[in-house]
Amino acid sequence: MSEASSPDQRIDELRRVISEHDYRYHVLDQPTVADAEYDRLLRELLALETEHPELASADSPTRTVGARADTGFAQVEHELPMLSLANAFEQVDQDDDDLRFAELADFVRRVERSLGVDTPEFSAEPKLDGLAISLRYEDGRFVRGATRGDGSTGEDVSANLRTVRAIPLRLRGDDWPAVLEVRGEIYMRREDFLAFNAGALERGERTLANPRNGAAGSLRQLDPAVSASRPLAFYAYGVGVVRAGELPERHSQTLLKLREWGLPICPEVAVANGLDGVIAYYRHIGGKRDALPYDIDGVVFKVDRYRQQETLGFVARAPRWALAQKFPAQEEMTRLHAIDIRIGRTGAATPTARLEPVHVAGVTVTNATLHNADQIARLDVRIGDTVIVRRAGDVIPEVVQVVLEQRPPGTEPWRMPERCPVCQSQLVRPEGEAVWRCSGGLYCPAQGKEALFHFASRRAMDIDGLGERLIDQMVELELVRTPADLYALTVADLLEMKRRADERDGTTPETVRQGRVASKWAENLVAAIDATRPARLARFLFALGILQIGEETAKSLARAFGRFQDIASADAVLLLSAPEVGPKVAASVATFFAQAHNREVIDALFQRGLHLVDEGAPDPSFVQALDTGQLLVNAKRVARSDGGELFRGVGEESLKALAAGADDLTGLLCVDVEALANATGVSSSRIDIVRAELAADSPWQQRLLAAQAQVQALRERLPTDDAAAALPLAGQTVVLTGTLASMGRDQARERLEALGAKVARSVSKKTRFVVAGEAAGSKLARATELGVDVLDEAALLELLARHG
DNA sequence: ATACCTCGAGTTCG
DNA sequence: CTCGAGGTAT
């Protein structure tokens, strides 16, 4: 590169070199210069062009941004319409390939029959999730680019397309047709999309919803400078109008030609033979879908030979020689019609989006959770919005984002209603919590129903046949209000209820019209309820639906106390010492049993024959830890969580030392301060504080004395012989994942728990081992990652057998 | 105080 | 499965 060259020579040379680098980067995917060097060349060219405006050129690789379009885009009629492809969907839940790919198989068979060919050849390529465009080249120069529009008329977005580096402004070589229309897809690489959004977030600008929207939105910018700032990419996948004889005989060869001319072609394109070939290709691309640097929504198959394409022709507007085989979509856009409030068992008010039905990942989605009011505010979801719905990870649909461009005018931010939609009670949000709750409690039918449903559910009392519909009817016809009412039901009650429900709904079942009465279901239900009368303590505790008490905590309480009555009457100060129980949980339990209406329901249950079959002795280590010192410590924690303060300035160590020095509470109240101070090393001023707060008829004195009596009662119930052999898996945490052939997960869990193991839900480094069945997923991966032992089903069975 | 680790609770569709 | 929050270990 000579220093002496004139500006126009240097400009020519730079343009040539930069174009070559663009080609190597975008088409060959083999860059030969570092980004910095490329940028330097580009800057030099830009400087020269600015300095010598007379040497400017529309197809300079600087892609100097064109003028802003004020009035929108000109309409462009496509000389040859841009086709839409027939879509085929994989039938999920089908093992047989012929059924899974029924539409694809039909397509291939139709092609075979029409052509009289045995194994037709298809050009196969991924279907990029972007925006289809058409580029027009005249004498090798880019003259115009347009969106697909409705297929026959699109919008002229030439100025924006000129800023896309992957689109050549001049074709390479010299054997191109005088007029060439290239069809292809504008898209955004995932990586570029993420980087762009990260940058936008930093600059406080609006982020793009997803790569597809990013590509489409960027092209429709009136100001090309905005397009230029977006990381757009392009792949060509076909041609529009060309004169006969100017192209090869096959589509796949045309793509190679386009590549020679400098147009980027997706490297995944291939030729597939017959049905087996196209299915294999679909699988191949599906398998590397996540590894591809861009989003795709399927693959496209086109009959490769143009001659054969002509024979097949068109149906309506879709070619009979091409088919798009779609992957199950992971994200879709749809309209949000309304936001409903659901009231859960605990009164939690959960907003739910009611959506225009849309296919996502193989199912039709009509509802999606919005979690809570904060989430709605964060997304700024409004009624009437177009939203993007995703089935994340597994199954549960969620609203990911609002498409602001499509927001109808006149919308307002959504607000949580003031009253419960079911019982009209005030909705309140406890301080520091994210959820709003209906304050109606059991008065609220929604909460009552949910409480009943929970009571009857499989993991609680497991009342077979008592489902949501039946509970709805029972509550609405005022047959049942609380779980206790279930145990008073008779077959006659149920039949009467059914009759009234049918009457109310105006439905008369076939059996009634025939003058018969179907009563089997009612007999079964009464029997199912009766079967739950002998109940297990932990399940019953869980079934009561105490806030914060799930299965695990219920088990922990059951094990620690051994007897229902001792839990129901326990002070929070005792509860706090049970494993996994802290101040919040302890308060929740104590409050529940302090409520008169809860006690009434429980009494009624016992009166109607419910009894606990597995009550036993309390857990020795739990009871032993509950000495006077621990009671004082617990009292201090309980007081603090109530927002108060007890034994201010006296630490836990000091409290324990004092209790130890004074034997018990009574001793602590009577003993000589000086002597105690000497014996324990706790300052007499601290002892005074403790004693002042435990003064006669102070509430805490009453309470702690009662608590001490409760502990004493537990002590008396401790097992006399300590021969209770240690369980083989005591203290070990294990995790189950995947499907076991020989037993259900619940059964495996019970058997492991019977050996003393704790069966947790997630894997951590504290997990002793993971049992991995068939189709184990992320938990197995995590176990491997953390180096946790993994047992297969055979090893589990062996372990269970070894320990009886 | 902080960093895990678990649990509780709510969730959709067929 | 995910989120939030409670509990415990450090």
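Order of the sequence lines sets the chain letters (A, B, ...), proteins ahead of strands, with each chain counted from 1.
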Q: Give the nucleotide from the list B/dT6, B/dT12, C/dT8 with an atom nearest to the side chain of A/R637.
A: C/dT8
Q) How close or far is atom C1' of B/dT11 from atom CD of A/E450, stated in whole angstroms? A) 12 Å
Q.
Need one value for A/V435: base, sugar-phosphate or nothing, where a base atom within 4.0 Å counts as base even if backbone is also close, heavy atoms only.
A. nothing
(Q) Is there a side-chain contact between A/N367 and the phosphate of B/dC13, meaning an N or O under 4.0 Å from OP1 or OP2? (A) yes
Q: Specify the separation, in whole Å, of atom CG of A/L576 and atom P of C/dT8.
A: 8 Å
Q) Where the side chain of A/R342 is defined as all heavy atoms beyond and including C-beta, which of B/dC5, B/dT11, B/dG8 is the nearest nucleotide? A) B/dT11
Q.
Check the phosphate of B/dT6 against A/S764, side-chain N and O only, distance under 4.0 Å to OP1 or OP2. Yes or no?
A. yes
Q. Out of curiosity, A/K758 NZ to A/Q732 CD, how far, rounded to the nearest 0.5 Å?
A. 13.5 Å
Q) Do A/D566 and A/P618 touch side chain to side chain, with heavy atoms closer than 4.5 Å? A) no
Q | Upstream residue (5' side of DNA chain B) when A/G344 and A/V365 are each assigned their closest nucleotide | A | A/G344
Q. Between the side chain of A/D485 and the main-chain N/O of A/T482, is any donor-acceptor distance below 3.5 Å?
A. yes
Q: Taking only the side-chain heavy atoms of A/K584 (C-beta and beyond), determine which of B/dG14, C/dG6, B/dC5 contains the nearest atom.
A: C/dG6
(Q) Tell me the interatomic distance from A/L370, atom CG, to B/dT11, atom P, rounded to whole angstroms. (A) 11 Å
Q | Rounded distance in Å - CZ (A/R761) to C1' (C/dG6) | A | 13 Å
**Q.** A/V585 side chain, from C-beta outward: closest of C/dG7, B/dC7, B/dA9
**A.** C/dG7
Q | Nearest-nucleotide pick for A/T350, side chain only, options being B/dC13, B/dG10, B/dC7 | A | B/dG10
Q | Residue-phosphate contact under 4.0 Å: A/T346 side-chain N/O, B/dG8 OP1/OP2 | A | no
Q: Take A/K765 and A/V788 through the side chain to side chain contact (heavy atoms under 4.5 Å, CB included) test and state the conclusion after the steps.
A: CA-CA 7 Å; A/K765 57 188 172 196; A/V788 172; 5.7 Å; no
Q.
Students often get this wrong, so: under 4.0 angstrom with heavy atoms, is A/R345 touching a base, only sugar-phosphate, or nothing?
A. sugar-phosphate
Q: Measure from CG on A/N634 to P on C/dT8 and round the result to the nearest Å.
A: 10 Å
Q: Just jot down the side-chain hydrogen bond (donor to acceptor under 3.5 Å, both in side chains) partners of A/R190, sequence neighbours excluded, or say none.
A: A/D295
Q) What is the distance from CZ of A/R782 to P of C/dT2, rounded to the nearest Å? A) 13 Å
Q.
Does A/R481, at its CZ atom, have more than 12 non-hydrogen atoms belonging to other residues, nucleotides or ligands within less than 6.0 Å?
A. no
Q: Check every atom of B/dG14, B/dC7, B/dC5 against the side chain of A/E580 and return the nucleotide holding the closest atom.
A: B/dC7
Q.
At less than 4.0 Å, is any side-chain N or O atom of A/K758 found next to OP1 or OP2 of B/dC7? Yes or no.
A. yes
Q. Which whole-number value in Å describes the distance from A/E551 CD to C/dG6 C1'?
A. 18 Å
Q: Remember a base hit wins even if backbone is also touched, and classify A/K779 as base, sugar-phosphate or nothing at under 4.0 Å, heavy atoms.
A: nothing
Q.
Just the rounded figure in Å: distance from P of C/dT8 to NZ of A/K766.
A. 10 Å
